[in-house]
Amino acid sequence: MAKGDKNVEAITARDVDFAQWYTDVVKKAGLVEYSSVKGCVILLPFGYALWEQIKDELDARFKATGHENVYFPMFIPESLLQREKDHIEGFAPEVAWVTHGGDEELEERLCIRPTSEVLFCEYFANAIQSHRDLPKKYNQWCSVVRWEKSTRPFLRTREFLWQEGHTAHATQDEADAQTLMMLHLYADFAEDYLAVPVLRGRKTDKEKFAGAKETLTIESMMHDGKALQMGTSHNFGDGFAKAFDITYTDKDNKLQHVWQTSWGLTARLIGGIIMAHGDDNGLVLPPKIAPIQVAIIPIASHKEGVKEKAYEIENLLSKNFRVKLDVSDRTPGWKFAEYEMKGVPVRIEIGPKDIEQGQAVLVRRDNREKVTIRLENIEQAVHNALQELHISLFETARQNRRNRTKEVFRVDELRETLDESAGFAKAMWCGDRACEDRVKEEATATSRLMPFKQMPIGDTCFVCGKPADKLVVWGRAY
RNA sequence: CUGGGUGUAGCGUAGCUUGGUAGCGCGCCAGCAUGGGGUGCUGGAGGUCGAAGGUUCAAAUCCUUUCACCCAGACCA
């Protein structure tokens with residue numbers, strides 16, 4: 001152990017114990033604190049800032065595609081929740097109930113929304129009369145509650161922040177197009193903004209949303225090879241419309257049911273970013289969502305001109321980047337480690353020797369290489385470093401996915417493959433639910449998705465051997 | 001919900017078997033020096049042992065219940 005290391009509260013090495021590493025990073029990077037209620041966490045400023053970055057960007061994209069924000073209540077009367085049979089069956093086991101107001105027992109208990117489909121449906125049934133009232137394209141940012149049995153920060157909490165979009169359309173085609181559009185919006189966001197490569201496709205009936213006709217999904221792979229669902233877009237067809245009697249009068253004065261979609265994405269994404277990009281030194285944040293993109297660390301700041309130069313650089317870079325200049329009296333080494341733990345993409349070191357030479361030291365978070373740059377080029381150098389870092393994160397994650405994706409032709413082969421090393425496995429499937437259940441039992445794997453881009457690797461089901469035309473990606477998921 | 005583990009100062013821990021009201025390291029505060037990878041020295045402050053109940057003259061220590069956290073499952077975003 002090197003001198004000084006006794007002060008380091010080291011995190012568990014990523015490849016030694018991934019689960020423990022994750023917990024360490026979440027705590028040491030100052031993202032969350034546990035509360036006194038199981039599965040409910042406090043999002044600390046830095047953790048919440050990540051959510052704000054995600055929220056702001058997505059919100060802008062939603063608005064650019066014609067959606068409006070609304071806010072619906074958090075309580076749902078039990079009778080309302082029960083209107084759609086599959087929906088209630090899917091959610092009943094994990095809803096939290098409010099039974100009392102003060103000391104008085106309520107006549108009808110209220111559930112705390114696990115999702116708000118039924119509330120939107122109730123409203124739509126009332127608000128939609130004519131084809132002129134369509135489409136309705138609503139979104140809300142809120143938290144929902146699901147009484148999960150096992151919990152962990154970001155990945156599975158009992159209360160979590162999310163966004164839920166709810167739309168109603170005049171035609172099936174419109175609803176189909178909406179479902180697909182939102183999925184691609186999510187996918188583009190994940191790749192362009194979070195630098196997390198995703199697979200786009202459809203869920204099997206077994207895995208689709210309770211009450212949906214079809215669920216589209218984006219699936220990503222974490223560094224340890226396990227899968228994480230990053231967002232889903234559901235096509236309801238006219239199922240909910242019929243259950244809630246949501247009708248409109250069309251141009252020919254005929255009564256029609258509407259066609260609906262819903263789509264959602266949660267603060268779980270933050271867990272995805274951590275597990276996709278993080279390393280043994282902590283978080284590694286994709287530049288576009290990093291609350292701090294550049295940390296400026298003055299060296300020997302008591303010396304003549306150092307602070308002044310540091311402020312100068314801060315002012316200059318602040319025009320185009322999110323910058324943090326740390327003039328606290330902690331030592332440079334402490335600051336280096338701290339901002340690395342927090343995943344800050346680029347660090348600028350500026351000290352007396354640099355100033356003499358008209359230069360600064362730039363360090364990229366992912367490779368931690370120190371590069372000397374000319375002060376007059378600093379904006380360009382930071383810009384380039386951020387851009388290269390994004391590409392590098394994306395490519396590294398994609399390479400990991402490539403390395404961990406196999407093709408399998410028997411269920412026992414799937415099990416062996418995943419036991420040896422977690423990852424994705426492609427296999428042909430006949431479409432039979434029984435086969436999917438067998439995969440779960442015998443290989444403890446679930447179907448992640450049926451990619452839009454189907455590239456068959458055979459023509460028989462890897463479970464039952466009957467003719468099969470569906471390529472499914474299987475894996476073990478968070 | 002099942003199985004295993006843990007809970008003592010902000011963090012990490014010793015003490016628990018063989019009851020006698022807490023010790024260490026880091027961090028924190030003050031000062032001086034230092035400053036290019038978690039800086040050094042000196043001096044301080046901070047806990048009543050997750051919570052509740054019980055046994056006892058006496059409980060961090062023994063018993064019961066309960067809550068939370070971690071790991072692996074089952075369930076799920």
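Not measured: the values here are computed from a predicted model. Below, read A as the first sequence line, B as the second, and so on, with proteins coming before strands; counting in each chain starts at 1.
Near RNA chain B, meaning a heavy atom under 4.0 Å from it, residues 157-166 of chain A has T157(A), F160(A) in order of number. The stretch residues 14-23 of chain A touches RNA chain B through A19(A), Q20(A), T23(A), each having a heavy atom within less than 4.0 Å of the strand. Near-neighbour residues of RNA chain B inside residues 36-43 of chain A, defined by a heavy atom below 4.0 Å, number-ordered: S36(A), K38(A), G39(A).
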(message) Let's test your reading of the pairing rules: Watson-Crick or G-U wobble, both distances under 3.5 Å, then write RNA chain B as a dot-bracket string with ( ), [ ], | and dots.
(response) ((((((((.[[[[.)....(..]]]].((((((.....)))))).....[[[[[..)....]]]]])))))))....
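For the side chain to side chain contact (heavy atoms under 4.5 Å, CB included) test, no residue two or more places apart in sequence or in another chain qualifies with D56(A). For K203(A), the side chain to side chain contact (heavy atoms under 4.5 Å, CB included) partners are E207(A), K208(A), T215(A), T217(A), E219(A), Q229(A), R448(A), not counting sequence neighbours. Partners of E304(A) by salt bridge (charged side-chain N to carboxylate O under 4.0 Å, His left out), not counting sequence neighbours: none found. Residues that satisfy the side chain to side chain contact (heavy atoms under 4.5 Å, CB included) test with A385(A), not counting sequence neighbours, are V346(A), L362(A), R364(A). Under the salt bridge (charged side-chain N to carboxylate O under 4.0 Å, His left out) criterion, K309(A) pairs with E312(A), not counting sequence neighbours.
A gap of 16 Å separates the C1' atoms of U18(B) and A60(B), to the nearest Å.
Judged as a side-chain hydrogen bond (donor to acceptor under 3.5 Å, both in side chains), not a single pair has a partner in residues 81-93 of chain A (not counting sequence neighbours). A ring-ring contact (aromatic ring centres under 6.0 Å, His included) check over residues 332-363 of chain A, counting only residues at least two apart or in different chains, returns nothing.
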Please tabulate, one pair per line, all N/O donor-acceptor pairs under 3.5 Å involving side-chain atoms of residues 35-42 of chain A, not counting sequence neighbours.
residue: S35(A); atom: OG; partner: V37(A); partner atom: N; Å: 3.2
residue: S35(A); atom: OG; partner: V37(A); partner atom: O; Å: 3.3
residue: S35(A); atom: OG; partner: C40(A); partner atom: O; Å: 2.6

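In this entry the distance linking CG of L155(A) with C1' of G73(B) reads 17 Å, nearest Å.
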